[in-house]
Student: 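Right, I'll just put the structure down here and ask away after.
Index from 1, following the sequence.
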Amino acid sequence: MRSISFVLPAPYPLLNRSLRAHWSVRKRQQAAIRGTILEQIGGAAGLPPEPFQKAHVVIERHSVGTPDYDNLVGGGKQLIDCLTTPVMGKGGRQRNKRGLGIVVDDSPDHLTAEYHAVKCRLCEQKTVITITEIERD
């Protein structure tokens, strides 16, 4: 059973903040999250040779305040999208071009997610992500 774990140095942006941001700002945030993930796992060499067919993702958002659950889950979408595999869509356009290919897809057939909000001091803020492959029957 393969597993990947890494720590982002800041809590990921919550849904309420992302919804109010311009689309170009959201794209820059997602590109920054993707770059930080790559940096934390050691670049392309840290990526699995083939995506996990089914995975369980645990996301712990350590921050000063504790957000409500739907805000916590909705904010994790950009992070989850960075973990999935890019796919060629209709007309030759690539869907999810910022995906790293750790998990095949974010559909329930391929991914289960668990979100936790952890209250901490300002200097201890971070996001901890653990991705564990689930063996298929």
Side-chain angles (χ1 to χ4, degrees):
M1 186 162 49
R2 299 181 290 174
S3 182
I4 297 174
S5 190
F6 54 91
V7 178
L8 303 179
Y12 63 84
L14 294 172
L15 179 63
N16 288 346
R17 181 169 292 280
S18 295
L19 285 176
R20 292 181 182 92
H22 190 271
W23 66 267
S24 64
V25 172
R26 286 195 307 266
K27 292 297 177 191
R28 279 195 304 264
Q29 284 176 343
Q30 190 174 25
I33 290 171
R34 180 187 190 279
T36 306
I37 291 171
L38 264 177
E39 181 182 301
Q40 292 297 317
I41 63 173
L47 293 173
E50 61 181 51
F52 297 169
Q53 291 299 312
K54 186 156 178 85
H56 181 70
V57 179
V58 178
I59 301 173
E60 295 177 9
R61 184 180 188 275
H62 297 249
S63 63
V64 174
T66 50
D68 55 348
Y69 190 71
D70 58 342
N71 199 9
L72 180 71
V73 172
K77 173 147 179 54
Q78 284 186 330
L79 180 61
I80 294 289
D81 284 346
C82 288
L83 303 177
T84 60
T85 305
V87 178
M88 289 305 287
K90 295 178 183 172
R93 295 191 62 180
Q94 190 177 29
R95 286 183 19 229
N96 190 25
K97 60 184 168 189
R98 289 178 183 80
L100 292 168
I102 298 173
V103 180
V104 171
D105 191 34
D106 60 356
S107 69
D109 291 339
H110 298 283
L111 185 132
T112 59
E114 197 177 312
Y115 299 87
H116 301 283
V118 180
K119 192 168 185 169
C120 67
R121 296 182 0 197
L122 184 64
C123 62
E124 299 169 337
Q125 294 187 112
K126 61 186 171 189
T127 303
V128 180
I129 299 100
T130 305
I131 308 158
T132 307
E133 183 177 30
I134 298 172
E135 298 294 329
R136 294 210 177 221
D137 297 335

Student: Rounded to the nearest 0.5 Å, how far apart are CD1 of Ile134 and CD of Gln53?
Tutor: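 Going from the CD1 atom of Ile134 to the CD atom of Gln53 covers 12.0 Å.
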Student: Just so I know, are the side chains of Leu15 and Lys77 near enough to count as touching, which here means a heavy-atom distance under 4.5 Å?
Tutor: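 No; the side chains remain at least 4.5 Å from each other.
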Student: Under the salt bridge (charged side-chain N to carboxylate O under 4.0 Å, His left out) rule, what pairs show up with a residue in residues 120-133, not counting sequence neighbours?
Tutor: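 Qualifying pairs, neighbours excluded: Arg2-Glu133.
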Student: Which atoms form the tightest heavy-atom contact between Asp105 and His110, and what is the distance?
Tutor: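 Result for this residue pair: O-CB, 3.4 Å.
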Student: Measure the spacing between CZ of Arg34 and CG of Asp81 and express it to the nearest 0.5 Å.
Tutor: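 Arg34 CZ to Asp81 CG: 12.5 Å, rounded to 0.5 Å.
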Student: If you compare all heavy atoms of His62 against all heavy atoms of Pro11, which two are closest, and at what distance to 0.1 Å?
Tutor: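 Closest approach of His62 to Pro11, heavy atoms only: O-CB, 3.7 Å.
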Student: To the nearest 0.5 angstrom, please state how far the CZ atom of Arg98 sits from the CD atom of Gln78.
Tutor: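 Spacing of CZ (Arg98) from CD (Gln78) equals 9.5 Å.
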Student: As an exercise, state the distance from CD of Glu135 to CE of Met1, rounded to the nearest 0.5 Å.
Tutor: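 Here the interatomic distance stands at 7.0 Å.
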Student: Could you list all the side-chain hydrogen bond (donor to acceptor under 3.5 Å, both in side chains) pairs where at least one residue sits in residues 10-21, not counting sequence neighbours?
Tutor: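 Sorted pair list comes back empty.
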Student: Identify whether Val104 and Ile129 are in the same connected component of the hydrophobic contact network (ILVMFWY, side-chain heavy atoms under 4.5 Å).
Tutor: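 Val104 does not cluster with Ile129.
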Student: Is there any salt bridge (charged side-chain N to carboxylate O under 4.0 Å, His left out) pair reaching into residues 36-53, and which pairs are they, with sequence neighbours excluded?
Tutor: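 For residues 36-53, and leaving out neighbouring residues, there are no salt bridge (charged side-chain N to carboxylate O under 4.0 Å, His left out) pairs at all.
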Student: Between Val118 and Leu8, is there a shared hydrophobic cluster once you connect ILVMFWY residues whose side-chain heavy atoms come closer than 4.5 Å?
Tutor: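 Looking at the clustering, Leu8 is in a separate group from Val118.
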Student: Would a single hydrophobic cluster contain both Leu83 and Val58, if residues Ile, Leu, Val, Met, Phe, Trp and Tyr are joined by side-chain heavy-atom contacts under 4.5 Å?
Tutor: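 Each belongs to a different hydrophobic cluster.
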Student: Kindly give the heavy-atom pair with the smallest separation between Leu19 and Arg26, and that separation in Å.
Tutor: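 Looking at all heavy atoms of both residues, the shortest contact is O-NH1, 4.1 Å.
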Student: Taking all non-hydrogen atoms of both residues, which atom of Pro67 and which atom of Asn71 are closest, and how far apart?
Tutor: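 Looking at all heavy atoms of both residues, the closest pair is CB-ND2, 4.3 Å.
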Student: Shortest non-hydrogen contact from Thr127 to Ala10?
Tutor: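 Minimum heavy-atom contact is OG1-O, 2.9 Å.
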Student: So if you build clusters from Ile, Leu, Val, Met, Phe, Trp, Tyr with side-chain heavy-atom gaps below 4.5 Å, do Leu47 and Ile4 land together?
Tutor: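 Cluster IDs for Leu47 and Ile4 match.
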Student: I need the Gln29 CD to Leu79 CG distance, nearest 0.5 Å.
Tutor: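 One finds 12.0 Å between CD of Gln29 and CG of Leu79.
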Student: Give a yes or no answer on whether the side chain of Thr85 reaches the backbone of Val103 with a donor-acceptor pair at less than 3.5 Å.
Tutor: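 Side chain of Thr85 to backbone of Val103, a donor-acceptor pair under 3.5 Å: yes, one is there.
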Student: Tell me whether Leu100 is reachable from Val128 by hopping between hydrophobic residues (I, L, V, M, F, W, Y) whose side-chain heavy atoms are closer than 4.5 Å.
Tutor: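 No: no chain of side-chain contacts under 4.5 Å links Val128 to Leu100.
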Student: Among Leu111, Val57, Ile41, find the one that has a side-chain contact (heavy atoms from CB on, under 4.5 Å) with Ile131.
Tutor: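 Passing option: Val57.
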Student: Please find the pair of heavy atoms, one from Pro13 and one from Ile33, that lie closest to each other, and give the distance.
Tutor: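 Shortest heavy-atom contact: CD-CD1, 4.3 Å.
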